[in-house]
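These notes concern the structure reproduced below.
Order of the sequence lines sets the chain letters (A, B, ...), proteins ahead of strands, with each chain counted from 1. Since we're looking at a predicted model, the values are computed, not measured.
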Amino acid sequence: MSSRVSPSVAVENYIRLQFPSKSENESFARVAVASFVAQLDPTLEELTEIKTAVSEAVTNAIIHGYENSFGEVRIECSILDHTVKITIEDDGAGIEDISVARQPLYTSRPDLERSGMGMTIMETFMDLMELESSPGCGTRVTLVKTVGDDPSQQPS
Amino acid sequence: MSSRVSPSVAVENYIRLQFPSKSENESFARVAVASFVAQLDPTLEELTEIKTAVSEAVTNAIIHGYENSFGEVRIECSILDHTVKITIEDDGAGIEDISVARQPLYTSRPDLERSGMGMTIMETFMDLMELESSPGCGTRVTLVKTVGDDPSQQPS
Amino acid sequence: MSVETLVHQEVLVVRLHGDLDHHSVESIRSEVEKALTLGGYRALVMSFASIDFMDSSGIGLILGRYKKLKEMRGAMALCEINPSLEKILKMSGVYRVLPVFPSEREALAHVKGVL
Amino acid sequence: MSVETLVHQEVLVVRLHGDLDHHSVESIRSEVEKALTLGGYRALVMSFASIDFMDSSGIGLILGRYKKLKEMRGAMALCEINPSLEKILKMSGVYRVLPVFPSEREALAHVKGVL
Ligand SMILES: Nc1ncnc2c1ncn2[C@@H]1O[C@H](COP(=O)(O)OP(=O)(O)O)[C@@H](O)[C@H]1O
Ligand SMILES: Nc1ncnc2c1ncn2[C@@H]1O[C@H](COP(=O)(O)OP(=O)(O)O)[C@@H](O)[C@H]1O
């Protein structure tokens, strides 16, 4: 699970973040992404939705992917016109059945009082949410959202 | 100019950031570092000092290192006890004479209304500032600061 | 993140401050549980007036407390939900199981009435 | 970042808002220069009341305007410097060449007196 934004792809700006799977870094991750996305001049509501979606994906990488053991989370965030694309990936446990995992209220960790709403929140708050996962290898979530007052720009 | 925090080194937490040399990313860089350092519970003054030092180093990488052409800036920030260590590096022009560059008010770009105070601000606001540079290859700035009310912790 | 707990007659009031995410939820949960158990309360009001950010970890916290209080045949209500929180709570079905009020005063009155 | 310019008799007042860094300084500089040139002003007051962040790019902006106005035999003053700005300005010697006042009113009075 590793990807690169090659400079030949038409991307206006991007960031890459990498950090260990510690819950302290959840707030760092969403604040960093939000401060990068701020250059698109999103509404406060759009920014909150992006922060929430990133928080869900990073939390999942930490508690489900790495099950609270050590591992690295990688985030890549790129913008093109008014569209932001964010990938959050881990090299953790992976997901056996993606369609089950995406169901609202499904959680494999009710013991941790997880609500099973993370995926649903990501889907609702973003224009597009894609999941790739291979059991034993890791998971990559791709989130796309067009922000601001330019609805002609579609996620690519 | 590339370095890795190996997991064998006693570091409690770290982040790595990577982004293109665009001035839009200056605010992203300092906000991201500040939101990571926030877990050490620094005073507002300490946080402002760290943000300012990071802003100086990132700005230098963009305008002096890459001279406003495309390149990547890398930041690594690690914390151990109450000490934060930040490296900011570029693969740009490099510095011919470091001792000249460090002099207060020295700037190679008075045409851009640079004040030549960036290095002095980094030195003053941080406990330690180290410069490594090879002309034609790039520059790495290392900034170390111990924050919070634990003065027994010294920068390593 | 911090938690402020106070007691109104038989009702425990919990005011949440700051960011409610997976990192902060554990300590909040244990504080609320401790306060409930120590005081033997059967009624809980949670106020979200000072919440700056909340993700689905907050849903887990709310529904977890709801279950506990239901088992004890207690009462629970939420109050001071801002618009961005409202969206998450509606999505998760929290509005279908728990009463939500604009003010702490109204939430308290409701919970006392139910007991 | 945004710039608010207003004119008090012969004096241009520039109020800076937000983050003053290398990214924002260019547009600020050109706005200030345009206002100075169009109005033919020889006196400038810069207010830092609403500055959230400033690095050495701000020093360059201040000293650049100072030079210009000195060449024109004009007058300039700064005001509303918060403690963290003060440190940077002192370090850079700005206090040795420019008068600094707590309020815009005092800065204006000084600059008018000098002209
Ligand atoms: N990064 C991941 N690695 C492994 N499993 C995951 C990951 N993300 C999600 N899952 C699985 O998908 C389920 C549903 O996720 P989600 O809707 O976010 O709910 P929750 O986090 O509350 O369990 C999780 O319970 C987990 O089993
Ligand atoms: N990353 C870098 N790459 C190349 N040269 C640099 C770099 N950082 C600093 N320098 C050199 O050191 C000088 C002094 O830097 P500094 O004190 O920050 O002042 P300023 O940025 O205002 O010029 C710069 O003018 C430049 O010549």
ask   = Between Asp55(D) and Glu26(B), is a side chain to side chain contact (heavy atoms under 4.5 Å, CB included) present by the stated rule, with each step listed?
value = CA-CA 11 Å; Asp55(D) 65 18; Glu26(B) 290 157 9; 5.7 Å; no
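- Under the 4.5 Å side-chain criterion, counting only non-hydrogen atoms from C-beta, Ser56(D) is in contact with Arg114(B).
- Counted within 6.0 Å of NZ on Lys68(D), heavy atoms from surrounding residues, nucleotides or ligands total 12 or fewer; the atom is thus considered open.
- Nearest heavy atoms, Leu112(B) versus Arg29(D): O-NH2, 3.6 Å.
- Distance OG1/Thr48(B) to CZ/Phe53(D): 8.5 Å, rounded to 0.5 Å.
- For a residue to count as touching a neighbouring chain, one of its non-hydrogen atoms must lie under 4.5 Å from one of that chain's; by this rule Lys22(B) does not touch chain D.
- With a 4.5 Å cut-off on side-chain heavy atoms, Glu113(B) and Val25(D) do not count as touching.
- Interface residue Lys87(D): only side-chain heavy atoms are found under 4.5 Å from chain B.
- The 12-atom threshold is exceeded at CD of Glu33(D), counting heavy atoms of other residues, nucleotides or ligands nearer than 6.0 Å.
- Using a 4.5 Å heavy-atom threshold, the side chains of Ile88(D) and Ile121(B) count as touching.
- Only the side chain of Thr124(B) comes within contact range of chain D, with at least one heavy atom under 4.5 Å from a heavy atom of that chain.
- Within a 6.0 Å sphere centred on CD of Glu10(D), heavy atoms belonging to other residues, nucleotides or ligands number 12 at most.
- Glu45(B) touches chain D through its side chain: at least one heavy atom from C-beta onward sits under 4.5 Å away, while N, CA, C and O do not.
- Chain B forms more heavy-atom pairs under 4.5 Å with one residue of His23(D), Met91(D), Glu26(D) than with any other, namely His23(D).
- Counting heavy-atom pairs closer than 4.5 Å to chain D, the top residue among Pro104(B), Ser55(B), Gly118(B) is Ser55(B).
- Leu44(B) does not touch chain D: none of its heavy atoms, backbone or side chain, sits under 4.5 Å away.
- One finds the CG atom of Asp21(D) at 10.5 Å from the CD atom of Glu24(B) (value rounded to the nearest 0.5 Å).
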